[in-house]
Amino acid sequence: MAFLKFNKAELVNLEYSLRREIILANKTGAYCNTSIVTCNTRRYHGLLAVPVDRFGGDQYLLLSSVDESVVLRGKRFNLGIHCYGDIYEPRGHKYIIDFDADPVPTITYKIGSIVFTKSIVLVPDNDQVLIKYELVSAPSEVELQLKPFLAFRRVHDLTGENGAARTGWKDIQNGVAFNMYEGFPDLNLQVSDSKATFHALSYWYKGITYSDEYRRGFDCREDLYVPGSFVLTLTPGQSVVFSAAAVDPVNATSLKRKFTTAVGKIGPITSFHDQLARTADLFIRHRGGKKQITAGFSWSYTGLLRETLVSLAGLTLYAKDDPKEFEEILDNLIEDEKERLYRRTTQVESPLYMAVTLQQYIAYTGREKHAWTKYGDVLKKIIESYAPGRRNEVAMQPNGLLWAQMDGVALSWMNAYIGGRAVTERAGYQVETNAMWYNAICFALDMESKYGKTSFSDEWSQVKSLIENSFKEIFWDPSAGFLADYVDNYGRHMDLRPNQLWAISMDYCPVDDEVVSSVMRVISSELVTRRGIRSLSPRDSRYKGVYEGSQVERDLAFHNGCAFPYLLAQYCYVCFRMMGKNFIKKAEWLTEGFYKDLSKHGVGSFSELYDGDPPHEPHGAISSALATAALLNVNYLIEKYREVEL
């Protein structure tokens, strides 16, 4: 029995089904993303999007959709569904009676006495999607028509009918190949049935509307090219596999076997942890001999500094027990991100998170000397890059703390903009940046005392002392009972935000236990929800508890009330440190809600953010590396302390 299912009443209700998406991704960086009724509602939706190396590795959507029609005794039943303005046509969703999410997305249609299934799998190691169609039962043979909708455009853009499009094709085994524009890979469309024929009928379908883009006030209409249809015959119990690939044409007779093999490699889902582990694997991309982390699907980028460092331990160590993969991804990141690590970045805390990532690796593997021997110079170079005169955006001050400022630029992870203006600029002393700064220096000094040289220790021990003398004085407000979010020339800004969590969750904490306890009381009271940690207290006049509306309204809410699952890991770190095994039940309570939401938003995936207000609906990227890694992190802590209890 499938772990995640939907029934007919849910599926035929478009208000319900169009808000639930499937996401398939593979190691090459390809993805398949659409709604559970295969009606595309975002510009990012499609059956096959692939990185195109000739265009810098950006994602490009080649195959938008395939419309299926079943013909029985001359009567046609159209199973596809598209939105044109306020009209859905055809309305194939009315025939859907069942949807299973695992092991692969499978839709069951019932048309009178006809029962017909469609299953989708993304080949693990190729830019190829396979769709298996099976005629489960019917009074006689039926004709199946498959009509591909081609896009050939960047996933962030939309396309339209144009004279530059190359609408011709070339014949390949059991199919045809298309290449609409210069520089693109061929899109090879094939079917496993050698008797299938391709009927050419060139046509642009105009005004296809993406309802999610419309709802958000974005451009939402495009024209898609349909070159014709594949036509074949199925008898009851027979199946056929359709392939769309941005690789060389395959042996079409092997498509059924390839589909079966791909499905067989997918492990069963018997628990929520299984689902977490499977989702975690989606984010590890291995293309061109290089492993990297994709931040989220389907519009987030691959190889980002902050997202990789924060999610790395969760996705490789806690999900897969794979220190080798941890190091491989980290090595690639260091090679690719030298500019941000050592010279400049608009997320000034991100390079300093290198220390946290290495601390997680050491705590998990126990390989302290190995980690410092391999990565110690990297962290020391990062620390030294914050010395005065080295970076334009941030520099150490005489009191040992870091001051970050570039007019009009948000120099932290809270980097939403409206009309070019930062919503939360936070110029000055940022609490999380300085907490990570202190942690990085203390960690480096300890490692150097064991495995390094005294020259680094002599210089930076003095800075450590300066920070210890100034951090609490600058950030701590005893009357409020928590730490300032940032401090500028006008004084402390006592916005109650979760950034202070980093100050109290670091291995090397710049404040005493009394401050930690006070901060935790306030955060627990005002910021903690069952879907993560709010980005701003509801008592603040700027608080926006629901992430909906126009782009401006959503950008105002993004860091002014939305709850972020990834921050839950830091919160639980502190709670376990304070309460030990007594926090296990509360940690389980804080995470179980995410599993209840697996049938929402991204089916089987963990969303980037949630409304700060109940019932905490999911938003943002439907599948987030940060959220997934954080839940794996919390699960790891639960099991770790449960073992202590035993």
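In this chain, numbering begins with 1 at the start of the sequence shown. Every heavy atom of this structure was used, including side-chain atoms; hydrogens, water molecules and symmetry mates were not. All values reported here derive from a predicted model rather than from experimental measurement.
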Original post:
So, are R43 and D219 salt-bridged, with charged N and O less than 4.0 Å apart?
Top reply: no

Subject >> Check: L135 and V142 side chains under 4.5 Å, non-hydrogen atoms >> reply: yes

Original post:
Under a 4.5 Å cut-off applied to non-hydrogen side-chain atoms, are I23 and Y31 in contact?
Top reply: yes

**OP:** Using distance alone, with no hydrogens and no angle criterion, decide if D555 and Q551 have a side-chain donor and acceptor under 3.5 Å apart.
**Re:** yes

**OP:** Please report the shortest heavy-atom distance between A252 and Q173, naming the atom on each side.
**Re:** N-OE1, 2.9 Å

Subject >> Pair K290-D336, salt bridge (Lys or Arg N to Asp or Glu O under 4.0 Å): steps then yes or no >> reply: CA-CA 11 Å; K290 176 182 288 188; D336 293 341; 3.0 Å; yes

Subject >> Side chain K110, main chain G112, donor-acceptor under 3.5 Å >> reply: yes

Subject >> Heavy-atom side-chain proximity of V121 to V129 below 4.5 angstrom >> reply: no

Subject >> S211 vs Y88, side-chain contact (heavy atoms from CB on, under 4.5 Å): CA-CA, chis, key distance, verdict >> reply: CA-CA 11 Å; S211 56; Y88 288 90; 4.2 Å; yes

Original post:
Do the ring centers of F272 and F594 come within less than 6.0 Å of each other?
Top reply: no

Subject >> Contact check, side chains of W413 and L626, non-hydrogen atoms, under 4.5 Å >> reply: no

**OP:** Check the side chains of N40 and S65 for a donor-acceptor pair under 3.5 angstrom, ignoring hydrogens and angles.
**Re:** no

Original post:
Just by distance, do the side chain of S17 and the backbone of L11 share a donor-acceptor pair under 3.5 Å?
Top reply: yes

**OP:** Using a strict 4.0 Å threshold on nitrogen-to-oxygen distance, state whether D212 and R42 make a salt bridge.
**Re:** yes

Subject >> Beyond-backbone contact of F297 with F283, side-chain heavy atoms, under 4.5 angstrom >> reply: yes

Which pairs would a plain distance check flag for residues 77-87, meaning a side-chain donor or acceptor within less than 3.5 Å of a matching protein atom at least two apart in sequence or in another chain?
| residue | atom | partner | partner atom | Å |
| --- | --- | --- | --- | --- |
| N78 | OD1 | S69 | OG | 2.6 |
| H82 | NE2 | D67 | OD1 | 2.9 |
| H82 | NE2 | D67 | OD2 | 3.1 |

Subject >> Closest approach of C562 to L609 (non-hydrogen atoms, all atoms of both residues) >> reply: SG-CD1, 3.9 Å

**OP:** May I ask you to decide whether K27 forms a salt bridge with D281, counting only side-chain N to carboxylate O separations under 4.0 Å?
**Re:** yes

Original post:
Between D223 and G207, is there a donor-acceptor pair closer than 3.5 Å when you use the side chain of the first and the backbone of the second?
Top reply: yes

**OP:** Would you indicate whether the side-chain heavy atoms of F116 and L234 approach each other to under 4.5 Å?
**Re:** yes

Original post:
Got a donor-acceptor contact below 3.5 angstrom from the E307 side chain to the L304 backbone?
Top reply: no

Original post:
Does a side-chain N-to-carboxylate-O contact under 4.0 Å join R287 and D127?
Top reply: yes

Original post:
So Q238 and T233, side-chain contact (heavy atoms from CB on, under 4.5 Å) or not? Walk me through it.
Top reply: CA-CA 9 Å; Q238 191 177 12; T233 300; 6.0 Å; no

Subject >> Side-chain heavy atoms of L305 within contact of L333, under 4.5 Å >> reply: yes

Subject >> Student check: side-chain heavy atoms of T106 and K118 closer than 4.5 Å >> reply: no

Original post:
Does the side chain of H199 come under 3.5 Å of the side chain of Q145 through a donor N or O and an acceptor N or O?
Top reply: no

Original post:
What are the two closest heavy atoms between L224 and S64, and how far apart are they?
Top reply: CD1-OG, 3.5 Å

**OP:** Spell out, as yes or no, whether a donor-acceptor pair under 3.5 Å connects the side chain of S550 to the backbone of E553.
**Re:** yes

**OP:** Output yes when E143 and R76 qualify as a salt bridge under the 4.0 Å nitrogen-oxygen rule, no when they do not.
**Re:** no

Original post:
So, F242 versus Y133, ring centres under 6.0 angstrom or not?
Top reply: no

Subject >> Residue pair L144, V231: steps toward the side-chain contact (heavy atoms from CB on, under 4.5 Å) verdict >> reply: CA-CA 6 Å; L144 176 62; V231 180; over 6 Å; no

**OP:** Using modelled atom types only, decide if a donor and an acceptor are shared between the side chain of N162 and the backbone of A164 within a distance under 3.5 Å.
**Re:** yes

Original post:
Considering residues, nucleotides and ligands other than R554, do more than 12 of their heavy atoms fall under 6.0 Å from its CZ?
Top reply: yes

Original post:
Under the side-chain contact (heavy atoms from CB on, under 4.5 Å) criterion, do F178 and L150 qualify, and how do the steps go?
Top reply: CA-CA 9 Å; F178 297 89; L150 310 185; 3.8 Å; yes

Subject >> Within residues 151-177 or reaching into it, pairs that qualify as salt bridge (Lys or Arg N to Asp or Glu O under 4.0 Å) - sequence neighbours excluded >> reply: D58-R154, R153-E222, R154-D157, E161-K206, R166-E182, K170-D186

Subject >> salt_bridge(R216, E213) N-O dist < 4.0 Å >> reply: no

Original post:
Backbone N or O of V191 within a donor-acceptor pair of the N174 side chain at under 3.5 Å?
Top reply: yes

Original post:
Quick one: do the T108 and D98 side chains pair a donor with an acceptor below 3.5 Å?
Top reply: no

Original post:
Does N13 reach the main-chain N or O of A9 with its side chain, forming a donor-acceptor pair under 3.5 Å?
Top reply: no

Original post:
Is it true that a side-chain atom of N26 and a backbone atom of V123 form a donor plus acceptor pair closer than 3.5 Å?
Top reply: yes

Original post:
Does the ring center of F152 lie less than 6.0 Å from the ring center of Y60?
Top reply: no

**OP:** Tell me whether the centres of the aromatic rings in F564 and F558 are closer together than 6.0 Å.
**Re:** yes

**OP:** For the pair E617 and K600, evaluate salt bridge (Lys or Arg N to Asp or Glu O under 4.0 Å) and give the outcome as yes or no after the intermediate values.
**Re:** CA-CA 9 Å; E617 290 299 312; K600 291 183 177 181; 3.0 Å; yes

Original post:
Would Y109 and K94 count as having a side-chain donor-acceptor pair, cut-off 3.5 Å?
Top reply: no

Original post:
Aromatic rings Y225 and W204: how do their planes relate, parallel, tilted or perpendicular, breaks at 30° and 60°?
Top reply: tilted

Original post:
Minimum heavy-atom separation for A177 to N188, with atom names?
Top reply: CB-OD1, 3.1 Å

Original post:
Can you name the residues that form a ring-ring contact (aromatic ring centres under 6.0 Å, His included) with H286, not counting sequence neighbours?
Top reply: none

Original post:
More than 12 foreign heavy atoms under 6.0 Å from OH of Y203: is that the case here?
Top reply: no

Original post:
Closest heavy-atom contact between A410 and N415?
Top reply: CB-CA, 3.7 Å

Original post:
Centroid-to-centroid, H616 to Y610, below 6.0 Å?
Top reply: no

Original post:
Should we count OH of Y16 as having more than 12 external heavy atoms under 6.0 Å?
Top reply: yes

Subject >> Between Q128 and S243, a side-chain donor and acceptor under 3.5 Å >> reply: yes

Subject >> H156/Y44 aromatic ring centres below 6.0 Å >> reply: yes

